[in-house]
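One structure below.
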Amino acid sequence: NSDYLGASKILKDFLSIDQNIVIPASVSHGVDFYNTHFALDIDAIEPIHWSCRNDIDKVKPFFIAPHPWTMHLSQSKYQSNSSGSLIIGPPPSPENDQNLLKLLKKYSLLDSEILVKPKGNYLSSIKFWNDNGIKTRSAGSADQNFYNRLLEILSNHKNIICPTISSALFFAASIRKNIIV
């Protein structure tokens with residue numbers, strides 16, 4: 001699980017340790033702001049949990065470290081070449097896409113780009129948006145370069161619009177983007 005989104009690579013780079021060392025830890029895929037009873041993704045098979053919160057000691061052994069995104073930002077040399085607006089789309093589905101399109105029309109946001117999350121049949125969502133003349137962005141699969149791609153996408157937009165709560169909204173706020181919820 002710590003390889004998910006490249007989190008283990010980020011931690012190893014941050015700590016300057018060998019990339020071949022296995023980190024048998026689960027890590028929350030998103031921003032955990034105490035909105036659930038237990039840390040996100042704590043039920044993964046790994047014996048240890050990488051946590052940003054200290055209230056899970058009765059659930060599973062853990063270590064506290066900054067969220068991978070925070071470590072990534074401290075090590076990256078991203079440039080903010082911002083212009084335009086990016087809308088962080090809800091989980092891809094025909095119903096969610098149709099509902100979001102109605103909102104975009106209602107609020108005259110058709111010139112924005114849509115961040116399509118790589119979940120489910122997200123390629124059909126990309127096709128839907130392209131068929132409706134709206135440009136899409138996607139950070140793609142949850143591999144070791146996911147956070148790099150997401151940072152590049154967020155950096156290239158001035159405004160980040162989010163009709164639903166998403167970790168990407170918090171990531172964008174951390175790089176001082178204009179946030180509209």
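Computed from a predicted structure; not experimentally measured.
- Side-chain atoms of Asp13 and His72 form no donor-acceptor pair, as typed in the model, at a separation below 3.5 Å.
- A distance of 6.0 Å or more separates the ring centres of Phe62 and Trp50.
- Cluster annotation: Ile180 is not connected to Leu115 through the hydrophobic network of ILVMFWY side chains, with a link wherever side-chain heavy atoms come within less than 4.5 Å.
- Transitive grouping of hydrophobic side chains (ILVMFWY, heavy atoms separated by less than 4.5 Å) brings Ile179 and Trp69 into a common cluster.
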I would like to know whether Ile114 and Lys135 meet side chain to side chain contact (heavy atoms under 4.5 Å, CB included); could you show each step before the answer? CA-CA 6 Å; Ile114 304 287; Lys135 192 173 181 179; over 6 Å; no
Could you walk me through whether Tyr147 and Leu73 pass side chain to side chain contact (heavy atoms under 4.5 Å, CB included), step by step? CA-CA 9 Å; Tyr147 283 130; Leu73 284 183; over 6 Å; no
Run the side chain to side chain contact (heavy atoms under 4.5 Å, CB included) test on Asn148 and Leu150 for me, step by step, so that the C-alpha distance in whole Å, both residues' side-chain angles and the decisive distance to 0.1 Å come before the verdict. CA-CA 6 Å; Asn148 290 328; Leu150 183 59; over 6 Å; no
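- With Arg137 contributing its side chain and Leu154 its backbone, the two residues share no donor-acceptor pair below 3.5 Å.
- Once rounded to the nearest 0.5 Å, the distance linking OG of Ser82 with CG of Asn156 reads 8.0 Å.
- Remark: the backbone N or O of Lys9 is not paired with any side-chain donor or acceptor of Gln144 at under 3.5 angstrom.
- For the pair Lys177 (side chain) and His157 (backbone), a donor-acceptor distance under 3.5 Å is present.
- When the side chains of ILVMFWY residues are joined at heavy-atom separations under 4.5 Å, either directly or via intervening members, Leu100 and Ile160 end up in two distinct hydrophobic clusters.
- For the residue pair Ser26 / His49, a side-chain donor-acceptor distance below 3.5 Å is found, with atom types taken as modelled.
- Taking all atoms of both residues into account, the shortest heavy-atom contact from Asp143 to Arg149 is OD1-NH2, 2.9 Å.
- There is no path of hydrophobic side-chain contacts, each under 4.5 Å, that joins Ile87 to Ile153.
- The NZ atom of Lys12 sits 7.5 Å away from the CD1 atom of Ile21 when rounded to the nearest 0.5 Å.
- Heavy atoms of other residues, nucleotides or ligands lying less than 6.0 angstrom from CD1 of Ile45 number 12 at most.
- One hydrophobic cluster, built from ILVMFWY side chains closer than 4.5 Å, holds both Ile134 and Leu123.
- To the nearest 0.5 Å, atom NE2 of residue His67 and atom OG of residue Ser51 are 10.5 Å apart.
- Taking 4.0 Å as the cut-off between side-chain N and carboxylate O, Asp97 and Lys102 do not count as a salt-bridged pair.
- Here the CD1 atom belonging to Ile126 is positioned 4.5 Å from the OG1 atom belonging to Thr136, to the nearest 0.5 angstrom.
- A donor-acceptor pair under 3.5 Å is formed between the side chain of Lys60 and the backbone N or O of Ile42.
- For the pair Leu11/Met71, a side-chain contact is recorded, criterion being any heavy-atom separation below 4.5 Å from C-beta on.
- No donor-acceptor pair closer than 3.5 Å links the side chain of Ser112 to the backbone N or O of Leu86.
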Does the side chain to side chain contact (heavy atoms under 4.5 Å, CB included) test come out yes or no for Tyr122 and Ser138, once each step is laid out? CA-CA 9 Å; Tyr122 77 100; Ser138 179; 4.0 Å; yes
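- We find the CG-CD distance between Asn132 and Gln98 to be 7.5 Å, quoted to the nearest 0.5 Å.
- For Trp129 against Leu101, the heavy-atom pair with the smallest separation is CH2-N, 3.6 Å.
- Taking a 6.0 Å sphere around CD of Glu46, one finds it holds more than 12 heavy atoms contributed by other residues, nucleotides or ligands.
- Ser141 and Pro118 get closest at one heavy-atom pair: N-CB, 4.4 Å.
- The main-chain N or O of Pro92 is never found under 3.5 Å from a side-chain atom of Asn96 such that the two would form a donor-acceptor pair.
- Judged by distance alone, the side chain of Ser155 and the main-chain N or O of Leu151 form a donor-acceptor pair under 3.5 Å.
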Output a table of donor-acceptor pairs, distance under 3.5 Å, between side-chain atoms of residues 161-172 and any protein atom two or more places apart or on a different chain; print 'none' if there are none.
{"unit_1": "Ser166", "atom_1": "OG", "unit_2": "Lys117", "atom_2": "NZ", "d": "3.2"}
{"unit_1": "Ser166", "atom_1": "OG", "unit_2": "Ala168", "atom_2": "N", "d": "3.2"}
{"unit_1": "Ser167", "atom_1": "OG", "unit_2": "Val31", "atom_2": "N", "d": "2.9"}

